[in-house]
Structure formats: C-alpha cells, structure tokens
Amino acid sequence: MNGPNDFYVGREQTYIKHVFLRRYLETLAVKIMMGGWGAFNYVDGFAGPWNIRDDQGCSDASFGVAVELLEVVRKFVEERRGGKLKLRFCLCEKDPESERRLREYAAGKSGIEIHVFGGAFEDNLEGIAQRLPDGYTFTFIDPTNWVVRVSEVCDFLMERGGDFLFNFMTEEVARHSVNPKVAHQFGEFVGDPDWERTAQQLPDDMRGDLKVLHLLKDAFRSRGVANYLPDFSILKNGVNREKMRLMLGTRRPEGVKVFRDVHAKVEQEEFKIRREAKAFLTGQGMLFTSEYFASYEQGERGVGCKRYLDLAEERISEILAREHAIDFGTLALLLMEQFPLKETHVKDVCSRMKARGLLDFQLEGKARKPSDDTLITAPQGTDEGLF
Ligand SMILES: C[S@@+](CC[C@H](N)C(=O)[O-])C[C@H]1O[C@@H](n2cnc3c(N)ncnc32)[C@H](O)[C@@H]1O
C-alpha cells in the first residue's frame, strides 16, 4: 500500500490498522517461513467484511490484506528456500450476511486454502484448531467492541502458540465499562468476574479504559499466552481522541522490537494523512508540506519523543533503585513494551544518564553504547536496592 486509496476515504483508522497488520505480518512471515517452518497459519477471528468498499476484491478487508500479502511472501520464500510451503487461512465471522460474502470471497480464491467459519469466534475455536494440524499460527482478534470471551480465546492461543494482534476498542470500552448492565460482559472480556473490585486496586487517577486494558493484559500474561504486550493508539478521524489500540501478544523479545519498528513507520503515515485530511476539511491550502507536520507531531507524541524519553528515565531510576542492577536486554524490553520507544532510544537514554552520573555500565572494546548483556547498575553510593 502506498498511501490510502479511495477504498479508505473516511476510514483512515482502518487504513492505519491494515498498514500495521500488513507490515508486522510481512516481517513475521518472512522470518517464520525462511526459518524452516513448513506451514504458516493466519487466523482472523472477527474477519468481516466490515464497511468495505472494494466489494469485488476485498482488498480493504483485513483478510484481503493478509491473503494478498502472505501469498507474495510464500512465493518469495519458495523461490529462495526451495520446496513447497503450506499457507492456511481460517476466517471466522458472526454476522450471517458478512459470512456469506466471506464464503463468496473464499470460493473465488481457488488454489488457496481458506476455511470459513460462521458464528462466534469463541464457538469455533475447536473447529479452527482441527484445520491447523501443524505450523506457526498468527491470530488477529479484531472485535467491534468488548464482547469477547477472553478465557476461551486464551485456551486457543495457549494451544496454538504464535503471536497475536488484538484490537482494543478504547472508545467503546470507555463509554460502556461504567454501565452496570454490561458489567458481566466486561468480566468475560478481562477473564475475571470480580473485575470491578480488582480495578479498584489500580491507581485512582488511571483512566477507566486503561484500567480495563491493564486487566486484559494481566489475563493474557497470567494465562501464559504472552510475555510481552506492547500497544499503540490510533486516533479517531479528525479529532485528537483515541479510537482504538493495537496490542501485540508475543513470547518473543524480537516481537517487541519489530512491533516498535513498525509502529514508528506506521505513525509517520498516520500523522501525514491526518494533516492532509485536516487541510482538506478546513479548506486551507497547506502552507507547509504534510511531511513537515508529520515531523512536528512526531516530536509531540511520536515514538522516541521527549515525553517518552523523560518517562523512560524515570522508569529506569525506579528499576535501579529496586533492583540495583539489570542487563540492558531485559531493561530495554521492559521499556519498549511500556513506552513508544525503539531499542536505539533506550540506548541513548542510558548513555545520557551515565554521563550525568545517574547510572553506570562498562563497555567492551570499541563499543560506544550498551548491548543486550551489558550490566546496567545504579550509580555508586546508592545501595538501598541491596538491602
Ligand atoms: C471490526 S469488524 C472486523 C474488521 C476486519 N477485521 C478488518 O479489519 O477488515 C468486526 C467483525 O466481527 C464480527 N463479530 C462480532 N462479534 C463476533 C464474534 N464473537 N465472533 C466472530 N465475529 C464477530 C462483526 O460482525 C464484524 O464483522
């Protein structure tokens, strides 16, 4: 994709979601297929089609994006690696009319292994697992709201392994998590029937939707389906309010690094199209280029901006006060998971803190920055973490 085409006009958040899906999936699939796996499985639990414009090709639906991309990756890897690779798609959709269109799409893709499931994702998990006897599985969970039975989904993810991408619908959650009539559904969403009492233990000044997100991440972590759950927010069209958050669940440290690298690229695209849309709506010509504004916004809220570098510094000081010493690899993962930072930003923060006597580390040979096994320690004289 090279900028949003007509199919995405007015659906810029969906475009950003699909750009992210495409870029992350591309890196993952190349790595997995080149790495010797014989099969790659793509599971789209809430597939749609949903508000698409490309009725024929479904190129603006998540499954359309995935099918087109993974077929290209398969051919690319087969040419280089030799041999045949298996690619399987399991697409599930609850709405009968969308399911019908999904089946039509699958029928038009002869030669590609696509299994369509009608009904709720949670009711189809066993059937989907049966279609995936082996291989690496990537799962996309993209509901329209909070109505998801997460414990059952976790059982599936636990059994399948692999990375998953979860779309957390911030706006819907914020609006409805205070409604007592649907409190039980939020219990299912975060896998804790007593979730309201658990949420009371979180800081009072934490936003309600972020409390729900926190509990949801706890559910994934405690059930062992992910060690790392980085996320990033996508704003609502035309306003400075969060619409949704894309969250990756992975057990692989490498997954966190790729997530932030892709995040940094995708946000540039987001800043650019938001600026162009605003200029169009206000009827003002653009005095500066959208690239100029993209770099301006990047400095305000982008990956590695000053605000996140400052927060990283605070967090590192807290960790060192508690632990006294930590290897850089572990520290960088903690920070990259929590804040929009790439590994290189964490290296720079550590170097700057060292220069100011706020922490210490020794470098080997000609190295100028810490690497994974560099031990980062509290500055000499601060030994409260030891006792
Ligand atoms: C946000 S849309 C999906 C959009 C699609 N993933 C994309 O990016 O193009 C969510 C879809 O999930 C369907 N849905 C809602 N609850 C579901 C459930 N429990 N299981 C499966 N599908 C569900 C809705 O009918 C809708 O088509």
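First listed ligand is number 1; within each ligand, the first listed atom is number 1. In this text the structure is predicted, and so the values were computed from the model without any measurement.
- Close contacts of ligand 1 with Ser62, meaning ligand atoms under 4.0 Å from a residue heavy atom, involve 5 (C), 6 (N), 7 (C), 8 (O), 9 (O).
- Tested against Val43 for a side-chain contact (heavy atoms from CB on, under 4.5 Å), the candidates Phe117, Phe156, Phe89 yield a single pass: Phe156.
- Evaluation of the salt bridge (charged side-chain N to carboxylate O under 4.0 Å, His left out) test over residues 325-339, restricted to residues two or more places apart or in two chains, returns Arg221-Glu337.
- Under a 4.0 Å heavy-atom criterion, His18 is in contact with ligand 1.
- Sorted by first and then second residue, the salt bridge (charged side-chain N to carboxylate O under 4.0 Å, His left out) pairs with a member in residues 38-59 read Asp55-Arg101; sequence neighbours excluded.
- Here Glu254 does not pair with Lys31 in a salt bridge; the nearest charged N to carboxylate O distance is not below 4.0 Å.
- In this structure, a donor-acceptor pair under 3.5 Å is present between the side chains of His18 and Tyr8.
- Below 4.0 Å from some heavy atom of Ala120 lie the following atoms of ligand 1, by number and element: 18 (C), 19 (N), 20 (N).
- The closest approach between Gly119 and ligand 1 falls below 4.0 Å for a heavy atom of the residue.
- Ligand 1 has Gly45 within reach: a non-hydrogen atom of the residue lies less than 4.0 Å from it.
- A salt bridge between Asp142 and Lys17 is present, with a side-chain N of the basic residue lying under 4.0 Å from a carboxylate O of the acidic one.
- Near Asp95, meaning under 4.0 Å from one of its heavy atoms, ligand 1 places the atoms 25 (O).
- In terms of protein heavy-atom proximity, atom 18 (C) of ligand 1 is nearest to Phe46 CE2, 3.3 Å.
- Residue, atom and distance of the protein heavy atom nearest to atom 1 (C) of ligand 1 are Asp142 O, 3.4 Å.
- The distance from ligand 1 to the heavy atoms of Gly48 drops below 4.0 Å at these ligand atoms: 27 (O).
- Ring-plane geometry between Phe232 and Phe20 is classed as tilted, the angle between the planes lying from 30 to 60 degrees on a 0 to 90 degree scale.
- Side-chain contact check for Glu159 versus Leu125: every heavy-atom pair is 4.5 Å or farther apart.
- In terms of protein heavy atoms, atom 20 (N) of ligand 1 is closest to Phe121 N, 2.8 Å.
- With atom 24 (C) of ligand 1 as the reference point, the heavy atom nearest to it among Lys17, Glu93, Lys94 is part of Glu93.
- In the vicinity of Ala61, heavy-atom distances shorter than 4.0 Å reach the ligand 1 atoms 9 (O).
- Side-chain contact, Trp146 with Gln185: a donor N or O sits under 3.5 Å from an acceptor N or O.
- Considering backbone and side-chain N/O atoms, Trp50 never comes within less than 3.5 Å of an N/O atom of ligand 1.
- For atom 19 (N) of ligand 1, the nearest non-hydrogen atom of the protein is Glu122 OE1, 3.2 Å.
- Less than 4.0 angstrom separates some heavy atom of Thr144 from each of these atoms of ligand 1: 1 (C), 10 (C).
- Taking 4.0 Å as the cut-off between side-chain N and carboxylate O, Asp134 and Arg88 count as a salt-bridged pair.
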